[in-house]
Amino acid sequence: MDVFLDFLIAKFNYWIYVILMMIGLFAMIAKNNLIKKLVGMCIFQTAIILFYVSIGVKEDARIPILTGHEVPHGGHYHTEDHERPYIDAKTVTNPIPHVLMLTAIVVGVSTLGMALAIAQKVHLHYDSLEEDEILAKLQLGNND
Amino acid sequence: MIWSFDIIVLIFLVIAAVIALSVRDLLASSMVLGIYSFLICILWAEMGAVDVAFTEAAVGAGVSTVIMIATVFQTTRKSKD
């Protein structure tokens with residue numbers, strides 16, 4: 001039991017990432033309302049971003065912004081004949097997944113805006129946001 | 001990274017996601033989605049990804065909530081599920 005709890009707590013970000021992703025996927029498939037489907041899409045995207053940011057986390061690491069205190073003895077680390085600031089990679093979180101996920105957030109908002117514009121158009125044509133009502137009106141239009 | 005704070009915020013995230021999908025009022029749904037975005041913004045600031053936290057607060061929580069509310073007022077507020 002203790003081993004199981006340790007396993008659960010140590011990987012808690014990843015467990016929640018899977019749960020959120022499946023909540024979003026369920027909403028995208030099973031919900032009837034178009035706006036609810038888009039809410040599910042938002043949750044799905046943030047779950048994926050949560051996974052990628054969780055990869056870069058290190059224990060006892062600071063944020064990846066340099067303040068100048070990283071350099072030992074207040075000076076520089078001498079390599080050959082030129083000086084270079086010395087930073088231990090273990091003391092800062094990995095910033096590369098963060099930078100990749102910045103793009104993903106912006107792309108997510110633009111797809112959400114596009115989808116909402118299409119939803120407004122659909123509401124203008126079919127006077128409903130429910131998927132079954134729209135499908136019924138489409139069937140009615142085909143029969144005429 | 002603070003483990004206890006991390007676990008509390010993650011549990012609130014799941015609760016917010018479930019509420020956003022189960023409430024029948026679409027305006028309430030978009031507001032709860034804004035709460036969800038701010039919670040995940042707190043989570044990223046706590047995990048050391050401050051740049052992602054800025055972007056999420058400005059773009060994810062701000063702009064997407066605003067455009068979603070605008071759509072709800074342009075169309076309808078009721079939902080069947």
Side-chain angles (χ1 to χ4, degrees), chain A residues 9-10 12-13 15-17 19-20 23-24 26-27 30-36 38-40 42-43 45-47 49-50 53-54 56-65 92-95 97-99 101-102 105-106 108-109 112-113 116-117 119-120 122-124 127-130 132-133, chain B residues 1 3-4 6-7 9-14 16-18 20-24 26-27 29-30 32-34 36-37 39-41 43-81:
Chain A
I9 298 296
F12 200 66
N13 273 20
W15 290 107
I16 296 293
Y17 136 73
I19 293 171
L20 282 178
I23 288 173
F26 168 77
K31 286 286 173 182
N32 200 28
N33 192 288
L34 294 183
I35 305 284
K36 283 287 176 70
L38 294 180
V39 170
C42 263
I43 292 169
Q45 285 166 342
T46 47
I49 298 169
L50 175 63
V53 174
S54 301
V57 172
K58 291 173 191 162
E59 207 167 338
D60 297 328
R62 294 172 303 102
I63 57 173
I65 293 175
V92 290
T93 55
N94 188 1
H98 305 172
V99 177
M101 287 310 108
L102 283 184
I105 292 174
V106 177
V109 170
L112 180 73
L116 286 171
Q120 287 190 21
V122 167
H123 186 264
L124 210 63
D127 204 31
S128 169
L129 280 178
E130 306 290 333
D132 53 348
E133 290 175 15
Chain B
M1 177 162 188
W3 288 108
S4 47
D6 189 65
I7 288 168
V9 174
L10 284 169
I11 290 169
F12 273 119
L13 261 182
V14 175
V18 171
L21 289 171
S22 56
V23 72
R24 297 208 171 192
L26 286 179
L27 181 64
S29 179
S30 20
V32 178
L33 194 69
Y36 173 90
S37 292
L39 279 174
I40 210 158
C41 163
L43 186 72
W44 282 330
E46 180 259 342
M47 278 163 67
V50 274
D51 45 352
V52 187
F54 292 151
T55 317
E56 179 68 27
V59 178
V63 176
S64 67
T65 309
V66 167
I67 56 176
M68 200 166 255
I69 289 172
T71 308
V72 168
F73 281 137
Q74 287 283 314
T75 55
T76 175
R77 217 176 129 169
K78 287 195 287 290
S79 163
K80 282 204 293 193
D81 58 347

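Here is how names work: the chains are called A, B, and so on, in the same order as the sequence lines, proteins then strands, and each is numbered from 1.
When heavy atoms are compared at a cutoff of 4.5 Å, B/Val59 approaches chain A by way of both its backbone and its side chain. The parts of A/His98 that come within reach of chain B are both its backbone and its side chain, each placing non-hydrogen atoms under 4.5 angstrom from that chain. Contact annotation for A/Ser54: both backbone and side-chain heavy atoms come within less than 4.5 Å of a heavy atom of chain B. Contact annotation for B/Leu21: both backbone and side-chain heavy atoms come within less than 4.5 Å of a heavy atom of chain A. Contacts between A/Asn94 and chain B at a heavy-atom distance below 4.5 Å are absent for every atom of the residue. Residue A/Ile49 touches chain B through both its backbone and its side chain, counting heavy-atom pairs closer than 4.5 Å. Only the side chain of B/Leu26 comes within contact range of chain A, with at least one heavy atom under 4.5 Å from a heavy atom of that chain. If you measure heavy-atom distances from B/Asp51 to chain A, the contacts under 4.5 Å come from both the backbone and the side chain. Both the backbone and the side chain of B/Leu10 come within contact range of chain A, with heavy atoms under 4.5 Å apart. In this structure, the portions of A/Leu116 lying under 4.5 Å from any heavy atom of chain B include both its backbone and its side chain. Heavy-atom distances place both the backbone and the side chain of A/Ile9 under 4.5 Å from chain B. Interface remark: B/Val63 contributes side-chain atoms only to the contact with chain A (heavy atom separation under 4.5 Å).
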Is there a side-chain contact (heavy atoms from CB on, under 4.5 Å) between B/Ser79 and B/Asp81 once you walk through the steps? CA-CA 6 Å; B/Ser79 163; B/Asp81 58 347; 3.6 Å; yes
Stepwise side-chain contact (heavy atoms from CB on, under 4.5 Å) test for B/Tyr36 and B/Thr65: CA-CA 11 Å; B/Tyr36 173 90; B/Thr65 309; over 6 Å; no
side-chain contact (heavy atoms from CB on, under 4.5 Å) between B/Arg24 and B/Ser29: does it pass, once the steps are laid out? CA-CA 7 Å; B/Arg24 297 208 171 192; B/Ser29 179; over 6 Å; no
Quick one: do B/Met47 and B/Leu43 satisfy side-chain contact (heavy atoms from CB on, under 4.5 Å)? Show the steps, please. CA-CA 6 Å; B/Met47 278 163 67; B/Leu43 186 72; 3.9 Å; yes
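Taking all atoms of both residues into account, the shortest heavy-atom contact from B/Ile69 to B/Ser30 is CG1-OG, 4.1 Å.
Residue with the most contacts toward chain B among A/Val122, A/Thr93, A/Val109: A/Val109 (heavy-atom pairs, distance under 4.5 Å). Between chain B and the options A/Leu38, A/Val53, A/Ile23, A/Val99, heavy-atom pairs under 4.5 Å are most frequent for A/Val53. Heavy-atom pairs under 4.5 Å with chain B were tallied for A/Ile63, A/Val57, A/Ile43, A/Leu124; the largest tally goes to A/Ile43. Taking A/Ile19, A/Thr46, A/Asp127, A/Leu129 one by one and counting their heavy-atom pairs under 4.5 Å with chain B, the maximum is reached by A/Thr46. Your options are A/Leu102, A/Leu34, A/Asp60, A/Val106, and the one with the most heavy-atom pairs under 4.5 Å with chain B is A/Leu102.
By the salt bridge (Lys or Arg N to Asp or Glu O under 4.0 Å) test, B/Glu46 is found to be paired with no residue, residues two or more places apart in sequence or in another chain being considered.
Residue pairs meeting the side-chain hydrogen bond (donor to acceptor under 3.5 Å, both in side chains) criterion with at least one member in residues 68-78 of chain B, sequence neighbours excluded: A/Gln120-B/Thr71, B/Asp25-B/Arg77.
The local environment of CZ in B/Phe12 is sparse, with at most 12 non-hydrogen atoms from other residues, nucleotides or ligands closer than 6.0 Å.
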